Amino acid sequence: GARRSNDDFFAFQVQTGIRGTFADRYDYDVYFQSGRTQNTAEVQGDISLSRYLDAVNVTDDGSGNPVCASGNSACVPIDIWGEGDISDEGADYIRANLNSKSEYDQIVAGASLTGDTAGLVELPGGPVGWAIGAEYREESFDFRPDDNLGTGNLLGFNVAPPLAGGFDVYDVYGEVYLPILADMPGAELLAVEAAFRVSDYSTVGTTETYKLGGEYSPIEGLRFRGLYNTAVRAPNVAELFASGNS
């Protein structure tokens, strides 16, 4: 029979937050997000590898009748050397349906505060802009295959072993923008920007990322920018918790 697949997908997410300004100069943003995705997958019409190998290993019962050499009484011998030679009983014996369910959960919460130093400290190009913030993120994943899919007892598809795990991370960051010069002959704009972030992962520990850049506009309509930064990619759930089966 034909192979058929069916996926039942469900996603749910809620987001909430609040933004505002206080003291006429500071902007704040506080947010929370929670979400879940689930997927139930079924494939019909695949073949059990162990039953297939059992069914094609055929011998004679002494009376001219084909029987499975394994002696398994449930085994039905099959003949693969011709179209339509496999009996309905033999097809039923080697046929396998694959099932799996996966679930991914995520929680994100954070807050940021931005402002400038207008009226307090100003450079020739204007007040210094700044931003600070913190964020928490939690992720978990669970993949549950049936025995055939999880152990590789199948033909036509790759083995997909079970996988489960999760991690959380705390972030703290800060940014600053310094307008050194502005609206001057030969310097329509000269500014420097910098940012720094510290992340504490429950899996790989503490990481640090940063950037340092600048921009220069000698005249209106012409601008040069340069930026140097470093980034870190922490391992995902699959890289951390996969069983390593091939």
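Just so you know, these numbers come straight off a predicted model, no measurement behind them.
Counting only heavy atoms from C-beta outward, the side chains of Gln106 and Phe141 never approach each other to under 4.5 Å. At least one side-chain heavy atom of Leu120 sits less than 4.5 Å from a side-chain heavy atom of Arg25.
In this structure, Glu220 places its CD atom where only 12 or fewer heavy-atom neighbours from other residues, nucleotides or ligands lie under 6.0 Å away. The local environment of CZ in Phe22 is crowded, with over 12 non-hydrogen atoms from other residues, nucleotides or ligands closer than 6.0 Å.
Of the possible polar contacts, one joining the Asn153 side chain to the Ser50 backbone as a donor-acceptor pair under 3.5 Å is found. For the pair Thr209 (side chain) and Thr230 (backbone), a donor-acceptor distance under 3.5 Å is absent. Distance alone, capped at 3.5 Å, places no donor-acceptor pair between the Asp116 side chain and the Pro127 backbone. When atom types are taken as modelled, the side chain of Asp8 and the backbone of Thr40 share no donor-acceptor pair closer than 3.5 angstrom.
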task = Start with the C-alpha gap between Arg137 and Ile107, add the side-chain angles, then the distance that decides, and say whether side chain to side chain contact (heavy atoms under 4.5 Å, CB included) holds.
result = CA-CA 6 Å; Arg137 188 173 80 254; Ile107 294 175; over 6 Å; no

task = Any chance you could lay out the side chain to side chain donor-acceptor pair (under 3.5 Å) test for Glu138 and Tyr136, step after step, and finish with the verdict?
result = CA-CA 7 Å; Glu138 180 181 315; Tyr136 171 78; 2.7 Å; yes

task = Kindly indicate, with the supporting measurements, whether the criterion side chain to side chain contact (heavy atoms under 4.5 Å, CB included) is fulfilled by Asn72 and Asp54.
result = CA-CA 8 Å; Asn72 179 7; Asp54 194 16; 3.3 Å; yes

inquiry  = Under the criterion side chain to side chain donor-acceptor pair (under 3.5 Å), I'd like the reasoning laid out for Tyr104 against Glu139: C-alpha separation, chi angles, the key distance, then a yes or no.
reply    = CA-CA 7 Å; Tyr104 172 69; Glu139 298 185 25; 2.9 Å; yes

Full working for side chain to side chain contact (heavy atoms under 4.5 Å, CB included) between Glu188 and Asp183 = CA-CA 5 Å; Glu188 181 72 19; Asp183 301 323; 3.5 Å; yes

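Annotation: cation-pi pair Arg51/Tyr93 present, NZ/CZ under 6.0 Å from the ring centroid and within 45° of its normal.
A salt bridge links Glu193 to Lys211: at least one charged side-chain nitrogen sits closer than 4.0 Å to a carboxylate oxygen. Salt bridge annotation for Arg95-Asp46: absent, with no cationic side-chain nitrogen under 4.0 angstrom from a carboxylate oxygen. Between Arg197 and Asp171 there is a salt bridge, with a side-chain nitrogen of the basic residue lying less than 4.0 Å from a carboxylate oxygen of the acidic one.
Sorted by first and then second residue, the ring-ring contact (aromatic ring centres under 6.0 Å, His included) pairs involving residues 180-218 (not counting sequence neighbours) form an empty list.
For the 3.5 Å distance criterion, the side chains of Ser112 and Asp29 fail to qualify, holding no donor opposite an acceptor.
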